[in-house]
A.B. asks: 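Structure in structure tokens, see below.
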Protein chains: 2
Amino acid sequence: MSLSLSPAMLCKCLSDETRLQATLLVARFGELCVCDLVAALDAPQSTVSRHLAQLRSCGLLSGRRAGQWVHYRLNPELPEWAGRVIGELCAAATLAHPDLIRRAQGCCPPPVALS
Amino acid sequence: MSLSLSPAMLCKCLSDETRLQATLLVARFGELCVCDLVAALDAPQSTVSRHLAQLRSCGLLSGRRAGQWVHYRLNPELPEWAGRVIGELCAAATLAHPDLIRRAQGCCPPPVALS
DNA sequence: TCCGTATATTCGGATAAGCGGATATATAAA
DNA sequence: TTTATATATCCGCTTATCCGAATATACGGA
């Protein structure tokens with residue numbers, strides 16, 4: 001079953017600044033936990049979590065629980081066109097928010113040595 | 001002055017099916033008048049016109065009046081990244097709506113021989 | 001000028017989206 | 001078990017978005 005993500009739905013996901021920036025950060029860092037995103041986005045935890053849930057329910061992100069933390073990454077089953085769109089948008093958004101990347105620092109143990 | 005179109009704003013423009021399909025058609029045909037779009041999209045004229053106004057105000061499309069008609073095209077001043085995003089999304093949307101292209105036939109004189 | 005066609009805009013109402021404090025759940029450690 | 005931390009969800013509220021009939025405007029031709 002191959003993830004029915006429509007172009008319009010992808011756009012809706014990325015049309016909100018918080019979701020776009022969360023996606024940007026996840027794409028840039030490969031994997032981030034919610035507390036990292038809360039810190040980087042400087043938004044209430046419930047807001048960040050709600051947006052992440054939406055991104056996951058649309059198939060854009062996937063979450064992996066590791067102990068107390070949940071690590072989000074780009075859904076590896078994303079269609080190629082969606083990956084290219086996200087890449088273009090994140091590149092452009094990074095130029096517009098060069099400070100955003102700097103604020104994302106690990107608040108939880110890095111996910112090393114996990115099979 | 002170089003068109004301040006943010007990635008999130010572009011996504012918001014394309015997150016609505018009507019606007020996405022209108023953009024798709026304009027991109028595909030190069031230039032279309034409102035009545036062509038009304039016919040192809042099978043939506044009320046006021047709805048189509050309202051969405052076109054929004055796309056134009058965001059800088060995605062530009063309109064050119066030719067007599068009674070207004071021809072819309074992709075704004076030639078679009079940033080390159082935006083053009084690439086639109087290209088990807090329209091390609092994917094075309095696959096999802098293969099019938100849409102067929103419905104767009106000229107209802108007004110083709111814009112030939114106009115300086 | 002008057003009429004017909006094309007397009008734009010206005011307007012009120014319906015629906016959706018976003019917010020964030022409060023609360024619930026999950027996990028780890030004491 | 002109790003406590004602490006991380007995350008998810010609930011809830012009422014506010015605001016934004018979309019709709020389409022009605023109306024206004026622009027233009028060309030009679």
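Protein chains get the first letters and strands the later ones, always in sequence-line order, with residue 1 at the start of each. Everything numeric in this text was worked out from a predicted model, so none of it was measured.
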A.B. asks: Between C1' on D:dT7 and CG on A:Leu61, what's the gap in Å once rounded to a whole number?
C.D. replies: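 Going from CG in A:Leu61 over to C1' in D:dT7 covers 15 Å.
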A.B. asks: Take the protein atom CG of A:Leu41 and the nucleotide atom C1' of C:dG18, then report the distance between them rounded to whole Å.
C.D. replies: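 Atom CG in A:Leu41 sits about 15 Å away from atom C1' in C:dG18.
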A.B. asks: In a table with atom names and distances, give each donor-acceptor pair under 3.5 Å that connects a side chain of residues 38-48 of chain A to protein atoms at least two apart or in another chain.
C.D. replies:
residue : atom : partner : partner atom : Å
A:Thr47 : OG1  : A:Arg50 : NH2          : 3.4

A.B. asks: Can you tell me how far apart NE2 (B:His97) and CZ (B:Arg102) are? Round to the nearest 0.5 Å.
C.D. replies: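 So the NE2 of B:His97 and the CZ of B:Arg102 are separated by 13.0 Å.
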A.B. asks: Can you give me the closest heavy-atom contact between B:Ala93 and B:Leu20, atom names plus distance?
C.D. replies: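 Nearest pair, atom of B:Ala93 first, then B:Leu20: CB-CD2, 4.2 Å.
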A.B. asks: How many whole angstroms separate atom NE2 of B:His71 from atom P of C:dA6?
C.D. replies: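 Value for this atom pair: 12 Å.
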A.B. asks: Using a cut-off of less than 4.0 Å, is there contact between a side-chain N or O of B:Tyr72 and OP1 or OP2 of C:dA8?
C.D. replies: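 Answer is yes, contact under 4.0 Å.
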A.B. asks: What's the shortest heavy-atom distance between B:Leu52 and B:Tyr72, and which atoms?
C.D. replies: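 Answer, listing the atom of B:Leu52 first, then B:Tyr72: CD1-CE1, 3.7 Å.
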A.B. asks: Let me know the distance between CG of B:Leu37 and C1' of C:dA8, rounded to the nearest Å.
C.D. replies: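 So the CG-C1' distance, B:Leu37 to C:dA8, works out to 15 Å.
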A.B. asks: Indicate the atoms forming the closest heavy-atom contact of A:Arg64 with A:Arg73, along with that distance.
C.D. replies: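 What the structure gives for the nearest pair is NE-NH2, 4.4 Å.
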A.B. asks: Tell me the interatomic distance from A:Leu55, atom CG, to C:dA17, atom P, rounded to whole angstroms.
C.D. replies: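 To the nearest whole Å, that distance equals 14 Å.
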A.B. asks: Taking all non-hydrogen atoms of both residues into account, name the closest pair between A:Leu24 and A:Ile101 and its distance.
C.D. replies: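 Answer, listing the atom of A:Leu24 first, then A:Ile101: CD2-CD1, 3.5 Å.
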A.B. asks: How far apart are the closest heavy atoms of A:Leu10 and A:Trp81, and which atoms are they?
C.D. replies: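 For A:Leu10 versus A:Trp81, the nearest heavy atoms are CD2-CZ3, 3.6 Å.
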A.B. asks: Please produce a list of atom pairs where a protein N or O lies less than 3.5 Å from an N or O of nucleotides 24-30 of chain C.
C.D. replies:
none

A.B. asks: Using whole Å, report how far CZ of A:Arg64 lies from P of D:dA8.
C.D. replies: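 So the two atoms are 13 Å apart, to the nearest Å.
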A.B. asks: Charged N to carboxylate O under 4.0 angstrom, B:Arg84 versus B:Glu88?
C.D. replies: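 Between B:Glu88 and B:Arg84 there is no salt bridge, as every charged N stays at least 4.0 Å from the carboxylate O atoms.
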A.B. asks: What's touching nucleotides 16-20 of chain D from the protein side, N or O pairs under 3.5 Å?
C.D. replies:
residue : atom : partner : partner atom : Å
D:dC18  : OP1  : B:Arg19 : NH2          : 2.8
D:dC18  : OP2  : B:Arg19 : NH1          : 3.2
D:dC19  : OP2  : B:His51 : NE2          : 2.7
D:dG20  : OP2  : B:Thr47 : OG1          : 3.3
D:dG20  : N7   : B:Arg50 : NH2          : 3.3

A.B. asks: For a quick check, tell me whether the side chain of B:Gln45 and the base of C:dA8 share a donor-acceptor pair closer than 3.5 Å.
C.D. replies: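 For B:Gln45, whose side chain was compared with the base of C:dA8, there is a donor-acceptor pair (under 3.5 Å).
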A.B. asks: Which atoms form the tightest heavy-atom contact between A:Ser62 and A:Pro76, and what is the distance?
C.D. replies: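 Of all heavy-atom pairs spanning A:Ser62 and A:Pro76, the closest is OG-CD, 3.8 Å.
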